[in-house]
Structures are given as C-alpha cells and as structure tokens.
Amino acid sequence: MGRGAPGRGTNLALLVLLVAGLATGGLAFGIGRGWVRVVLVVHAAAGAGIVLLAPWKRVIARRGLARPRPGRGTSVALAALVVVVVLTGVLHSSGLLVRAGSVSVMQVHVGAALAAIPLAVQHVLARPVRPRRTDVSRRALLRAAALAGGAGALSAATEGLVRALDLPGAGRRFTGSHERGSFRPAGMPVTQWLDDPVPAIDPDAWRLAVSDRGGERRLTVAELAAFGDRVRAVLDCTGGWFAVQDWEGVLVSRLLDPGDAGSLVVRSATGYARRFPVADAGRLLLATDVGGAPLSAGHGGPARLVAPGRRGFWWVKWVTEIRADAAPWWWQPPFPLT
C-alpha cells in the first residue's frame, strides 16, 4: 500500500472489500443463471484483496492490541470470522474440503459471513473512517487500482492452480457448486431451508389444493402423476452442491388458470412458501417422481416444485398448495426468513 499505508487507507480499503464481498456473496447465493459468473469473479477478487491487505492490517491490529480500549473483543472476533470466511471460501472453491460431517463448508462460509455483519457494523461505528478529499486523489486512486489489479491477479492465479492441479473444484458449476448425485436421486443430499423438518406425510391421504379464478380443487398424487410431463433440470443447492435429474409430474401451467393474477404462490406442508411470476407457470414442474421412481420424503415427496434456472430454495418441497394471488411475485423477502 506504500508509505504510511498501515492505518486509515488500509482500514478504508478493507471496509470497501468487506462490503463488496458481502454484497456479491448475497447475489451469488440467490442467482442460478449464467451471468452469476461475473458476480463470483468480483466476490473471489474481494476475498483475494482481503488476503493481500492482511500484512498491513496485522501491523494496525498489533498497535491496537498494545493499548487497552473498548471494543477490542469485538475487533478480534470480527477478524477471526473474516479469516474463517476466506479460508472456507478457498476450501470450497478448490474442493479440498466440501463437507465436515453433516455440515457443508459452504454453510460455514455463509454462516461466518452473516455473523460478521453485526460485528463489522459495530466496529465501523466505534472507529468510523470519515471521507476525505485525499480519498479521491490521484495517489489514492492509483493505490486502489493496484490493489484491484493485484486482487484480480491473485484470484485468477488461484483458480488457474486449481485447474492445473485438477483439484475437485476444477469441475464445479458456474455457481460454484460441486456435483453430487446426478442421475442418482439416492445420491443427492437431503437438505431443507433453515429449520424446516422432514414432515411425515401419507401419500394416499395427501391432496394438493389448487386455487385460481375458477375456485379451488384438490388433486391426488395419482392424478398429478397421470399428466406425465418430464423435465431434465439442475437442482443447485445453496449448500454448495448440484445434481442433474430427470423429473416427472405436471407443468404448473396445466393445473390452474391465473387470469390477471400478479403471482403464483407455492406453499409447503411446513408453511414454507415462495411466490413466482405468472409467466413462469409453463416452466415450473410439480414433480411426483425423479429418476423413474416416486420422490422420497427427504427429497420432497409426495410432490415438490422443480424450478429450472433457480437456486434450490425456490424448489419448494412437500407442496400442499398452489394458488394464483393478486400480489406481485417480488412481494416477498429475497431469501425466506424461515
């Protein structure tokens, strides 16, 4: 960072990188389409930039720890979480460690990042870095450009090393996910969003409630399976894995007439729900079978939603209701709250 770098300039740069890392991480977590590659490139570069600034931050931290001051514990905890975030990001992307027991490294990565947010806010409030005119001086901009270039080069070199050594991460999907159980449904991990349990549902007693402008009707598993619609789609879980499967059931567009509704609401037996654009009805499949066999309870049976091009949290499991609703599809949190 040059002469006098250990101090305000380093802290300002780290703040920018942390914000960039959190913002791009959130975007990458929710996007299932190809342009997420650009987001992940920036995300990886932000992490590389934090690594490059570590030596200067170490000097600042040593100075701060040498004198007693309030909030020191928060600063240490924040630093530890940032280390965990960067380390788990490297382990996941390289494929050197994807799971630790029942917990995926991606889950630790995201969990540590979320835990760091309130600590980062508290740290910034306690030690604010106020803007100065010199922040946009020619020297400052050249330093920023050098840091950005170095971060990009380090990120590209790391990715190149993963591919040159043919590490497991070399074959990951554009979302960063690793393949698990493609065309082998039993090999797919059983996961669900946050605190959702796997419910005990009797397929013979289960009914799907479908509501549109024509009223409500209830359908059995056999009635849904009789449509025989098939879709090959990638389930890309935010836990860091993906699987390609052949799904069978019925396209949502064949189940209801939305009329002038603003969205389609798909609800689970657990209360979990997501809204979808009405225009997606022809692409959404309510699946009763996968790989030629009925869905298991862990994978969403008797019926689950298949939403091609969307991350796994959109693929509602244990569906009990699909209805046309007046509210627009974006009238919901970007990520489910529970």
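Residue numbers count from 1 along this sequence. Atoms considered below: every heavy atom in the structure, side chains included; atoms not considered: hydrogens, waters and symmetry mates.
Of all heavy-atom pairs between V234 and V244, the closest is CG2-CG2, 3.8 Å. Across V90 and S93, no two heavy atoms sit closer than the pair O-OG, 3.2 Å. What you find for A45 and A151 is that their closest heavy atoms are O-CB, 3.3 Å. Nearest heavy atoms, A46 versus L17: CB-O, 3.8 Å. R99 and V105 get closest at one heavy-atom pair: N-CG2, 4.0 Å. Here the closest non-hydrogen pair linking A115 and L119 is O-CG, 3.8 Å.
Looking at P294 and D289, their side chains come closer than 4.5 Å, going by heavy atoms from C-beta outward. Looking only at side-chain heavy atoms (C-beta outward), L208 and V319 come within less than 4.5 Å of each other. Using a 4.5 Å cut-off on side-chain heavy atoms (C-beta onward), E216 and V210 make no contact. At a threshold of 4.5 Å between non-hydrogen side-chain atoms, the residues V98 and S104 do not count as touching. At a threshold of 4.5 Å between non-hydrogen side-chain atoms, the residues V265 and F276 do not count as touching. Within the 4.5 Å cutoff, the side chain of R267 has no heavy atoms near those of the W318 side chain. The closest side-chain heavy-atom distance from D246 to V290 is not below 4.5 Å. Annotation: side chain of L264 is in contact with side chain of V252 (closest heavy-atom distance under 4.5 Å).
In terms of the side chain to side chain contact (heavy atoms under 4.5 Å, CB included) criterion, residue partners of V250 (sequence neighbours excluded) are, by chain and number, L224, F227, D229, R254, L255, L286.
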Give the table of side-chain donor-acceptor pairs shorter than 3.5 Å for residues 300-316, with sequence neighbours excluded, one pair per line with atom names and distance.
residue: R304; atom: NH1; partner: H299; partner atom: O; Å: 3.0
residue: R304; atom: NH2; partner: W315; partner atom: O; Å: 3.2
residue: R310; atom: NH2; partner: D280; partner atom: OD2; Å: 2.9
residue: R311; atom: NE; partner: D236; partner atom: O; Å: 3.2
residue: R311; atom: NE; partner: D236; partner atom: OD1; Å: 3.4
residue: R311; atom: NH1; partner: A28; partner atom: O; Å: 2.8
residue: R311; atom: NH2; partner: D236; partner atom: OD1; Å: 3.4
residue: R311; atom: NH2; partner: C237; partner atom: O; Å: 3.1
residue: W315; atom: NE1; partner: A307; partner atom: O; Å: 3.0
residue: W315; atom: NE1; partner: R310; partner atom: O; Å: 3.0

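For D260, the CG atom sits in a loose shell: 12 or fewer heavy atoms of surrounding residues, nucleotides or ligands are nearer than 6.0 Å. Counted within 6.0 Å of CZ on R33, heavy atoms from surrounding residues, nucleotides or ligands total 12 or fewer; the atom is thus considered open.
Salt bridge absent: E321 and R218 never bring a charged side-chain N and a carboxylate O closer than 4.0 Å.
A donor-acceptor contact closer than 3.5 angstrom links the side chains of S263 and R275.
A donor-acceptor pair is defined here as one N or O able to donate and one able to accept, closer than 3.5 Å; no such pair exists between the side chain of E159 and the backbone of A156.
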